Amino acid sequence: MSSFADRSTDPPDEHGRSLAPGARRLTPRADVALMAGYHSPQIDVDVRLNTNEAPEPPPAGFVAELQAELERIPFNRYPDRQALALRSAIGAQHNVGAEQVYCANGSNEVLQSILLAYGGPGRAAAVFEPTYALHSHIARITGTEVIAGERDDDMLVDELELARVLTVGGRIGGANPAVMFLCSPNNPTGRAEPRDTVERVIASAPGLVVVDEAYGQFARWSACELLHDSPNLVVVRTFSKTWSLAGLRLGYAIAEAEVVDALLRVTLPYHLDAVKQAAGRIALGYGDEMRERVARLAEERGRVAAALAELPVDVYPSDANFILFRVRAHDAQEVWRSLVQRSILVRDVTGWPSLAGCLRVTIGTQAENDAFLAGLTAVLA
Ligand code: PMP
């Protein structure tokens with residue numbers, strides 16, 4: 001049996017590093033050691049269009065209200081462990097009570113809690129690739145087997161592939177997949193899943209169906225509409241994109257109270273700090289400003305898509321604040337590097353399943369989008 005800390009008589013590690021006398025080699029779990037992280041490079045550039053953040057800051061009124069609130073926070077005390085005021089305020093937006101709202105530090109942490117509670121050894125999670133990499137990444141970290149389905153040519157989930165994934169799950173045993181992920185609109189491809197697809201998945205899944213709506217406010221419909229009739233549905237949202245608050249790290253899930261209870265059981269005590277709880281609650285008072293930003297970005301998305309269509313690239317339709325495109329005659333990674341040299345950062349997704357030759361650009365301000373389009377036109381000339 002391998003021990004947690006092997007002694008320094010070990011041979012050099014894969015980087016050729018030997019241990020100092022008396023030192024210990026600290027070895028993570030074998031499957032963790034094999035896992036690559038999921039990171040977009042944080043490079044200092046003028047035009048940052050690689051992580052689907054909002055290009056505009058939140059309204060000045062939000063910042064002023066939060067500043068005033070800071071004076072009232074009893075910093076010597078732990079925050080409300082139940083985060084009840086925040087959960088009630090979020091619930092009010094979706095016509096549900098606080099008991100149906102689960103909050104965490106970004107929607108990634110929500111996804112992690114879902115997999116801690118419903119995934120794990122002997123259980124499987126299904127994804128439809130290409131999709132948001134963290135669904136399968138966090139599944140693996142939590143010891144959950146991953147069943148990878150494939151999207152069709154329109155980058156949507158079709159009926160036959162759904163049936164295949166459910167059959168694979170059945171072979172793994174038990175009620176598998178215990179968690180099925182749909183990302184709608186899907187990152188990095190852009191389209192929202194049609195309502196009848198989501199309904200079909202909810203009806204046929206043996207376990208939870210998690211609809212990741214990180215970009216939900218950009219879409220024409222939301223799976224939130226199905227919550228009342230679907231006890232196995234979890235809708236996950238974030239403050240990072242449409243709410244212009246990526247720096248705050250706040251995300252949430254809406255689900256049956258029983259599911260929220262299970263998520264709270266795997267959550268560390270006091271995991272949501274008092275500032276975040278106040279900031280999230282205050283932000284919800286600026287919904288009109290959020291919807292105006294979303295409308296502006298959707299208009300810009302149309303303009304960028306039309307301009308991209310004039311270039312030697314194939315553009316995928318988008319219901320989100322980013323656009324996926326495939327570079328035709330050039331090497332896409334070379335194009336990515338040339339854009340970085342022009343201080344423009346987009347997302348290189350060439351290594352993702354089925355996305356050879358593809359880059360993803362976030363919709364920024366008008367000036368940022370112009371800089372990107374000019375840069376890309378020059379690189380492809
Ligand atoms: N889900 C999707 C589909 C995303 O694209 C992202 C951010 N890239 C997240 C979840 C995570 O967002 P956050 O943790 O900032 O809420």
Side-chain angles (χ1 to χ4, degrees), residues 31-32 34-35 38 102 104 107-152 155-189 191-214 223 226-227 229-237 251 253-256 258-263 265-266 352-354:
D31 54 335
V32 172
L34 290 174
M35 265 169 213
Y38 163 88
Y102 173 77
S107 53
N108 282 337
E109 198 183 54
V110 176
L111 300 170
Q112 177 178 273
S113 298
I114 290 169
L115 284 160
L116 282 172
Y118 289 91
R123 293 184 166 211
V127 298
F128 293 89
E129 298 285 7
T131 192
Y132 184 47
L134 266 269
H135 296 157
S136 49
H137 184 72
I138 302 172
R140 291 192 183 96
I141 289 174
T142 56
T144 313
E145 189 165 332
V146 175
I147 303 172
E150 278 177 30
R151 285 170 187 274
D152 64 16
M155 292 295 176
L156 295 172
V157 174
D158 77 24
E159 213 169 332
L160 278 178
E161 186 62 358
L162 172 62
R164 189 186 71 79
V165 161
L166 290 170
T167 309
V168 173
R171 280 201 292 271
I172 290 169
N176 274 317
V179 181
M180 295 193 82
F181 285 104
L182 292 175
C183 190
S184 181
N186 186 48
N187 178 9
T189 55
R191 278 185 74 182
E193 219 58 64
R195 183 183 173 119
D196 61 342
T197 301
V198 179
E199 284 176 333
R200 193 178 306 124
V201 175
I202 290 170
S204 52
L208 283 189
V209 175
V210 176
V211 182
D212 185 337
E213 290 196 350
L226 306 175
L227 276 164
D229 309 317
S230 319
N232 60 334
L233 171 63
V234 182
V235 180
V236 177
R237 289 201 160 187
I254 308 285
E256 284 287 300
E258 184 192 331
V259 174
V260 171
D261 272 350
L263 302 183
R265 265 179 257 152
V266 299
W352 295 34
S354 317

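All heavy atoms count here, side chains included; hydrogens, waters and symmetry mates do not. Note that the coordinates shown come from a computational prediction; the quantities given were computed from them, not determined experimentally.
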Is the side chain of [X] donor-acceptor paired with the backbone N or O of [Y] at a distance under 3.5 Å, no angle test?
X: Asp229; Y: Leu226; result: no
X: Asn186; Y: Leu156; result: no
X: Ser230; Y: Leu227; result: no
X: Thr144; Y: Ala124; result: no

Between [atom1] of [X] and [atom2] of [Y], what distance do you get to the nearest 0.5 Å?
X: Leu263; Y: Leu115; atom1: CG; atom2: CG; answer: 10.0 Å
X: Asn232; Y: Glu258; atom1: CG; atom2: CD; answer: 11.0 Å
X: Trp352; Y: Asn187; atom1: CH2; atom2: CG; answer: 5.0 Å
X: Asp212; Y: Thr131; atom1: CG; atom2: OG1; answer: 7.5 Å
X: Met180; Y: His135; atom1: CE; atom2: NE2; answer: 13.0 Å
X: Glu150; Y: Asp158; atom1: CD; atom2: CG; answer: 10.0 Å

What is the minimum heavy-atom distance between [X] and [Y], and which atoms define it?
X: Glu109; Y: Ala104; value: OE1-CB, 3.2 Å
X: Asn108; Y: Ile138; value: O-CD1, 3.6 Å
X: Ala223; Y: Val198; value: CB-CG1, 4.4 Å
X: Pro130; Y: Pro353; value: CB-O, 3.2 Å
X: Ala262; Y: Ala117; value: O-CB, 3.9 Å
X: Leu166; Y: Ala205; value: CD2-CA, 4.3 Å

Between Arg200 and Glu193 (salt bridge meaning N to carboxylate O under 4.0 Å), is one present in this structure?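 The answer is no: the pair does not qualify as a salt bridge.
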Does anything in residues 113-129 form a side chain to side chain donor-acceptor pair (under 3.5 Å)? List the pairs, not counting sequence neighbours.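 Sorted pair list: Tyr102-Ser113.
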Do Thr167 and Arg171 touch side chain to side chain, with heavy atoms closer than 4.5 Å?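 In short, these two side chains touch, coming nearer than 4.5 Å.
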Under a 4.5 Å cut-off applied to non-hydrogen side-chain atoms, are Ile114 and Val236 in contact?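 Contact flag for Ile114/Val236 side chains = yes.
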Please evaluate residues Tyr132 and Val127 with respect to the criterion side chain to side chain contact (heavy atoms under 4.5 Å, CB included), reporting the C-alpha separation (whole Å), side-chain torsions for both, the decisive distance (0.1 Å), and the verdict. CA-CA 9 Å; Tyr132 184 47; Val127 298; over 6 Å; no
